[in-house]
There are 2 protein chains.
Amino acid sequence: MEYYKKDSDILLAIDCIIFGFNGESLEILLIKRDFEPERNKWSLMGGFVQSDEAPEAAAYRILKQLTGLENVYMEQCSVFGEPNREPNDRVVSICYFALIDTQKYKHILSDNYEAKWFPLQQYPKLIFDHDQMIAAAQYRLRMKAALYPILFELLPEKFTIPQIAALYEGVYNIELDKRNFSRKLLSSGLIIKLQEKDKENSKKGAYYFKLNTAIYKEKIMSFLRYLPSWSLET
Amino acid sequence: MEYYKKDSDILLAIDCIIFGFNGESLEILLIKRDFEPERNKWSLMGGFVQSDEAPEAAAYRILKQLTGLENVYMEQCSVFGEPNREPNDRVVSICYFALIDTQKYKHILSDNYEAKWFPLQQYPKLIFDHDQMIAAAQYRLRMKAALYPILFELLPEKFTIPQIAALYEGVYNIELDKRNFSRKLLSSGLIIKLQEKDKENSKKGAYYFKLNTAIYKEKIMSFLRYLPSWSLET
DNA sequence: AAAAATAAATGTTTATTTGACACTAATTAT
DNA sequence: ATAATTAGTGTCAAATAAACATTTATTTTT
């Protein structure tokens with residue numbers, strides 16, 4: 001028995017905005033699309049939701065298929081469904097944004113997949129409304145990260161304070177006073193100092209830290225502000 | 001020419017979580033569903049996206065049709081698309097939350113439509129996953145309102161400080177120190193004192209204020225915090 | 001080997017904001 | 001007149017933020 005009038009022929013798609021951090025700036029992972037229309041153009045990772053599949057499951061499956069990435073932080077972000085956002089069919093796309101530590105997956109990505117990182121400031125022309133999707137994801141990321149310490153998802157197990165600072169600077173496109181930032185971060189108890197130092201990026205070397213997972217889980221729903229109050233403006 | 005394999009038969013729906021504020025507590029607007037399945041059960045305002053219609057346009061149309069409401073603040077919130085969230089068809093629903101001033105639309109709602117306000121704390125059993133939708137909308141509202149002064153959308157043109165305080169208390173389910181709250185709000189420059197007083201709700205009467213729309217537009221994208229730092233926890 | 005350069009880490013000081021609390025003011029009910 | 005109620009203003013100590021200075025560890029240069 002059919003309950004609803006089936007007057008639509010809508011395809012449900014997923015697009016993933018994958019944010020990565022290379023230690024200096026924020027990047028997004030793009031792929032050369034391998035099917036029509038717009039084959040061979042740059043696009044977000046995307047695919048269709050199968051008939052027996054939940055959107056979130058589809059997002060993880062697509063991410064896995066196209067990049068080999070698993071167990072990454074991912075969050076639903078927004079839906080794009082203008083009638084003519086794609087030329088030939090009515091495709092409604094649910095966007096997810098993912099946060100990944102680029103180091104951790106470096107080998108996976110470079111070896112087997114046709115994905116490429118681009119600076120968030122400067123990526124190639126994308127198909128359809130994928131620019132808007134990125135903008136929406138960025139907005140959402142900024143909002144979420146203003147309240148919850150999710151940006152740690154973008155960092156390796158071991159990270160340095162200058163790295164986190166650079167990350168926040170990249171996400172909000174601001175310049176932080178590293179001294180005040182560092183003090184605030186340390187006093188939060190969110191990170192634990194290790195003995196080892198990172199000698200790659202400076203002469204003196206910077207101590208590695210790791211997340212205090214106990215506090216992280218507690219604070220993930222709390223109201224830590226690492227940002228100066230003006231940083232969400234415009 | 002068909003570009004994509006059409007192996008899905010997905011219906012795209014909209015559900016609206018309509019928040020209202022009655023001066024004391026937060027409420028949501030529910031409706032007795034007038035079609036199968038689940039006819040006559042309480043549900044969110046919902047409907048289907050037409051084949052030539054953008055989701056946002058559909059949301060406004062549905063809101064208008066079911067409640068007569070127009071020009072209200074509305075924001076996309078999240079998508080529910082589990083394969084079996086409805087029994088007979090695969091319906092993917094995009095949720096929007098709306099903020100309305102209940103006074104302003106009181107006559108519209110009571111006269112012509114079968115919608116009813118319920119306290120957010122205590123509403124009837126709803127169909128499908130509408131409970132989850134409300135929870136998601138509430139979370140989103142809290143997050144957004146922690147950063148931007150959108151809660152003013154829930155208030156009439158003229159409002160009193162005790163009203164705003166009650167509103168914040170309702171949204172976050174907390175108790176505020178009215179004195180500190182008031183000081184912070186006044187110093188923001190966001191509200192302008194009027195001469196008139198509201199004598200309805202107290203013996204002494206409370207001064208009315210109106211929004212400073214100039215500052216409101218500026219601050220809508222800024223980082224005002226009216227909340228104590230612990231209020232987003234759990 | 002000493003000096004300069006670099007970036008990390010820690011320290012200092014002042015202004016601002018917060019949070020906790022007390023009081024005064026305007027009105028109505030008794 | 002007095003009590004009761006809620007609005008609105010005031011005070012103060014503690015915490016936080018913002019601005020700025022110095023020290024430390026290391027490498028590079030001379």
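Below, read A as the first sequence line, B as the second, and so on, with proteins coming before strands; counting in each chain starts at 1.
Residues A/Lys116 and A/Trp42 come closest through the heavy atom pair CB-CH2, 3.8 Å. The minimum heavy-atom distance linking A/Leu154 with A/Gly20 is given by the pair CD2-CA, 3.8 Å. Between A/Glu75 and A/Lys144, the closest heavy-atom pair is OE1-NZ, 3.0 Å.
In this model, no side-chain donor or acceptor of B/Arg183 finds a partner on the base of D/dG8 within 3.5 Å. Contact annotation: side chain of A/Asn201 to base of C/dA7, donor-acceptor pair absent below 3.5 Å.
The nearest whole Å value for the distance from the CD atom in A/Glu200 to the P atom in C/dT6 is 20 Å. Atom CG in B/Leu185 sits roughly 12 Å away from atom P in D/dT9 (whole-Å rounding). Distance A/Gln163 CD to C/dA9 P: 11 Å, rounded to the nearest Å. Atom-to-atom, CG of A/Asn180 to P of D/dC20 comes out at 11 Å; the value is rounded to the nearest Å. One can place CG of B/Leu176 at 16 Å from C1' of D/dG8, the figure rounded to the nearest angstrom. Distance NZ (B/Lys178) to P (C/dA20): 13 Å, rounded to an integer number of Å. Atom CG of A/Leu194 and atom P of C/dA9 are 12 Å apart (whole Å).
For the OP1/OP2 pair of D/dT9 and a distance below 4.0 Å, the side-chain nitrogens and oxygens of B/Lys193 include at least one atom meeting the criterion.
Between the CD1 atom in B/Ile14 and the CD atom in B/Gln76 there is a gap of 8.0 Å [rounded to 0.5 Å].
For A/Phe159 and A/Phe152, the ring centers sit closer than 6.0 Å to each other. Two rings, from A/Phe181 and A/Tyr168, have their centers less than 6.0 Å apart.
The shortest side-chain heavy-atom distance between A/Glu153 and A/Ile100 does not fall under the 4.5 Å cut-off.
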Each nucleotide in nucleotides 23-30 of chain C should get exactly one letter: B, S or -. Can you fill that in based on protein heavy atoms under 4.0 Å?
--BBBS--

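Nearest nucleotide to the B/Tyr207 side chain, out of D/dT11, D/dA18, D/dG8: D/dG8. Of the listed nucleotides (C/dT10, C/dG19, D/dA17), D/dA17 has the atom at the smallest distance from the side chain of A/Lys184. Comparing atom distances between the B/Asp177 side chain and each of C/dA20, C/dA9, D/dA19 picks out C/dA20 as nearest.
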